[in-house]
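Worksheet: the structure to be examined is printed underneath.
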Amino acid sequence: MAKIINVIKGTKDILPQDVEQWHILESKALEIFSKYGYKEIRTPIFEATELFARGVGDTTDIVNKEMYTFEKSERSLTLRPENTAGVVRSYIENGMARLSAPVKLWYKGPMFRYERPQAGRQRQFHQVGVEMFGIKNATADAEVILLAVNYLKSLGLNDLEVELNSLGCPTCREAYKAKIKEVLKPEFDNLCEDCQNRYEKNPLRLLDCKVESCKAIFEKPEIQKVIQSDFICEECAAHFAELKTYLDKLNVKYTINKLLVRGLDYYNRTVFEIKSNNLGSQNAVCGGGRYDSLVRNLGGEDTPAVGWAMGMERLNSLLPVPELELLDGYIVSTSPVEAFELAEDLRDKGFKVEFDLANKKFTKQLEKASKVAKRALILGEDEIKAGTVAVKNLSTGEQVSFPRNQLPQVLAQG
RNA sequence: GCGCCUGUCGUCAAGCGGUUAAGACCUCGGAUUGUGGUUCCGAUAUGCAUGGGUUCGAAUCCCAUCAGGCGCCCCA
């Protein structure tokens with residue numbers, strides 16, 4: 001036997017028995033997002049590396065160590081690690097700024113990140129996401145969050161926790177960063193190595209460090225005071241307050257998490273995550289926020305935007321496994337020609353029908369029927385002569401013969 | 001990139017230095033030449049991730065490699 005070739009580490013086959021779940025995620029996405037006026041967009045799976053370097057941010061782990069990058073014809077290309085940058089690129093390139101705002105887009109598809117696989121984390125995984133361009137008001141943030149919650153509800157996921165925070169605008173955030181650095185300066189030598197790096201690169205990400213010694217430092221009153229302080233400027237605070245009002249009125253439950261810092265550089269003001277307790281350590285099913293400077297950073301007009309993405313594998317692991325659908329009928333026959341004709345006739349009328357292509361013995365065919373179909377459609381010598389089909393209900397055992405032309409009505413009865 | 005754990009049939013597994021490598025499910029065949037899902041019988045690993053080593057003897061112990069899982073980090 002030749003050597004077997006395996007799937008690549010961190011990738012998975014989506015097998016026939018699991019595909020129904022994916023259909024549910026996708027069809028609900030289309031259904032719910034359409035109600036809010038979102039149109040689907042499909043962008044390429046690879047893009048210029050620079051798009052992600054500039055878009056996602058070159059201080060992020062995603063760009064620094066997790067990208068699948070390759071060279072072709074002296075161009076550096078990268079398999080998309082997320083899709084916001086790609087959608088923004090397309091928005092700019094296709095002149096969507098000329099469309100009447102808001103421009104609402106949604107997408108689904110595979111993303112690629114070179115990370116160590118574990119529960120809820122693969123190297124090729126799938127996201128559904130939405131992006132809304134052109135509205136700076138908190139109504140946009142609210143609609144997008146509401147949309148996420150309603151999509152999850154439509155999947156039967158009602159009790160997930162929404163966590164919310166505001167990062168402020170670049171101006172007030174810089175001031176906040178400076179304050180954090182200042183108050184942590186005396187402790188610098190006691191911080192873990194990662195935190196010492198983050199101190200310079202991105203002080204905001206210091207705050208949720210899980211190393212015990214760092215946690216202890218952050219517990220100190222004078223440091224907590226800075227962390228918990230409402231550093232954001234008046235305008236940002238008003239925006240955040242407005243958002244909270246909408247969510248309250250719309251009965252969206254949320255908790256404020258001051259430590260919530262999305263790891264992507266482009267976020268400002270609103271950031272949020274939706275988490276589940278049933279997912280192990282990778283517990284976020286949804287993450288998103290506002291990114292008002294990304295369009296400009298990628299060469300477009302200054303355009304406010306909000307969006308989020310959900311991990312489809314994580315969603316699936318929260319959903320019950322749907323039962324395999326049974327055929328409407330399985331034809332049991334000794335005559336392949338007759339079986340073919342009947343099968344095609346019924347398929348043409350919209351029914352799901354199979355028969356035994358190997359022409360096995362009668363009992364074997366019936367056994368197969370009982371496994372894959374609601375009923376056996378028995379089409380033997382006698383029935384062929386009489387122009388009938390014996391319909392056997394495989395759960396009750398009940399069997400009645402009908403003229404062939406009545407079959408569609410009989411099958412239609414469920 | 002770091003830490004811990006695990007690799008025995010398509011799947012779930014027993015075995016813990018000497019066995020003929022249990023068992024169950026699935027699949028296939030038969031009992032049953034037109035009546036299944038219940039039952040009964042039978043088939044299916046010269047093989048224990050791979051390569052070395054220790055031993056009279058290795059699926060069992062040791063080392064390496066590979067693969068998988070989980071955690072850190074990060075994120076969906």
Side-chain angles (χ1 to χ4, degrees), chain A residues 3-4 6-12 15 17 25 56 59-66 81-84 108-129 148 152 160 192-195 197-198 202 205 208-212 214 260-264 271-276 279-288 307-318 326 330 332-335 358 360-384 390-399 401:
Chain A
K3 190 169 182 273
I4 290 173
N6 302 104
V7 267
I8 300 303
K9 185 190 189 87
T11 70
K12 281 211 166 72
L15 297 168
Q17 63 265 30
L25 289 189
V56 180
T59 67
T60 62
D61 285 358
I62 292 181
V63 168
N64 279 320
K65 39 187 202 195
E66 297 176 2
E82 57 94 61
N83 206 26
T84 297
K108 60 167 199 281
M111 308 295 158
F112 306 85
R113 264 126 85 162
Y114 188 78
E115 301 180 89
R116 274 298 280 276
Q118 59 177 271
R121 199 169 77 185
Q122 293 169 209
R123 288 179 173 178
Q124 179 181 164
F125 62 103
H126 297 76
Q127 290 186 330
V128 240
L152 292 169
L160 302 180
C192 70
E193 199 181 323
D194 286 337
C195 280
N197 275 324
R198 287 188 280 241
N202 193 347
R205 284 214 267 153
D208 57 353
C209 182
K210 310 234 171 25
V211 176
E212 286 305 323
C214 292
L260 183 63
V261 178
R262 316 246 66 254
L264 290 71
V271 289
F272 65 95
E273 273 184 14
I274 302 180
K275 294 181 177 173
S276 164
L279 277 177
S281 71
Q282 311 303 320
N283 62 355
V285 276
C286 176
W308 52 252
M310 296 197 193
M312 296 176 83
E313 282 81 2
R314 290 184 192 178
L315 284 176
N316 269 330
S317 67
L318 294 173
L326 293 174
Y330 190 90
V332 173
S333 175
T334 47
S335 164
K360 288 187 197 159
K361 290 198 296 191
F362 184 89
T363 50
K364 289 296 171 192
Q365 291 191 30
L366 199 55
E367 188 182 337
K368 174 79 173 179
S370 71
K371 285 175 186 160
V372 300
K374 295 175 198 160
R375 3 179 149 61
L377 308 178
I378 299 166
L379 182 64
E381 302 291 322
D382 303 347
E383 285 83 3
I384 291 169
V391 177
K392 186 183 179 79
N393 181 316
L394 289 163
S395 49
T396 64
E398 197 183 354
Q399 182 174 327
S401 284

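Since this is a predicted model, take the numbers as computed values, not measurements. Naming: A, B, ... by sequence-line order, numbering from 1 per chain.
Closest-nucleotide positions on RNA chain B for A:K368 and A:Q118 were compared, and the one nearer the 5' end corresponds to A:K368. When the nearest nucleotides of RNA chain B are assigned to A:K364 and A:L264 by heavy-atom distance, the more 5′-ward of the two goes with A:K364.
The partner of B:A24 is B:U11, by the rule that a Watson-Crick or G-U pair needs both atom distances under 3.5 Å. Pair check for B:A76 finds none; no Watson-Crick or G-U wobble contact set falls under 3.5 Å. B:U38 is unpaired under the Watson-Crick or G-U wobble criterion, no partner having all donor-acceptor distances under 3.5 Å. Both distances falling under 3.5 Å, in either a Watson-Crick or a G-U wobble arrangement, place B:G68 opposite B:C5. In this structure, B:U44 forms no base pair with any nucleotide, since neither Watson-Crick nor G-U wobble geometry is met with both distances under 3.5 Å.
Side-chain nitrogen and oxygen atoms of A:K371 include at least one within less than 4.0 Å of the OP1 or OP2 phosphate oxygen of B:U27. Proximity of A:Q127 to the phosphate of B:A76: no side-chain N or O atom is located under 4.0 Å from OP1 or OP2.
The base of B:G34 is paired with the side chain of A:E383 by a donor and an acceptor separated by under 3.5 Å. For A:Q282 and B:C74, a side-chain-to-base donor-acceptor distance below 3.5 Å is present, hydrogens and geometry of angles not being considered. No N or O donor and acceptor, one from the side chain of A:R121 and one from the base of B:A76, sit under 3.5 Å apart. At a cut-off of 3.5 angstrom, counting only N and O atoms as typed in the model, there is a donor on one side and an acceptor on the other between the side-chain of A:Q399 and the base of B:U35.
Between the P atom of B:C74 and the CD atom of A:E82 lies a distance of 18 Å, rounded to the nearest Å.
By the neighbour-count criterion of 12 heavy atoms within 6.0 Å, atom NZ of A:K368 is sparsely surrounded, having that number or fewer from other residues, nucleotides or ligands. Taking a 6.0 Å sphere around CD of A:Q399, one finds it holds more than 12 heavy atoms contributed by other residues, nucleotides or ligands. Dense packing is recorded around CG of A:L15, with more than 12 heavy atoms of other residues, nucleotides or ligands lying under 6.0 Å away. The number of heavy-atom neighbours closer than 6.0 Å to CD of A:E398, taken from other residues, nucleotides and ligands shown, is 12 or below.
Closest approach to the A:K9 side chain among B:U35, B:G68, B:C73 is made by B:G68 (side chain taken as heavy atoms from C-beta onward).
A donor-acceptor pair shorter than 3.5 Å can be found between the side chains of A:Q118 and A:Q282.
The closest donor-acceptor contact from the side chain of A:Q365 to the backbone of A:K360 lies under 3.5 Å.
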Its contact letters, B for base, S for sugar-phosphate only and - for none at protein heavy atoms under 4.0 Å, make nucleotides 3-11 of chain B read B--------
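Counting any heavy atom pair closer than 4.0 Å across all strands shown, A:G288 reaches no nucleic acid atom.
Nearest heavy atom pair, residue A:C286 against residue A:M310, reads CB-CG, 3.7 Å.
Taken to the nearest 0.5 Å, the CG atom of A:L318 stands 10.0 Å off from the CZ atom of A:R314. In this structure, A:K12 NZ and A:Q124 CD are separated by 11.5 Å, a value rounded to the nearest 0.5 Å.
Sorted by first and then second residue, the salt bridge (Lys or Arg N to Asp or Glu O under 4.0 Å) pairs involving residues 113-122 of chain A (not counting sequence neighbours) are A:E115-A:R121.
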Distances under 3.5 Å between nitrogen or oxygen atoms of protein and nucleotides 31-33 of chain B:
none

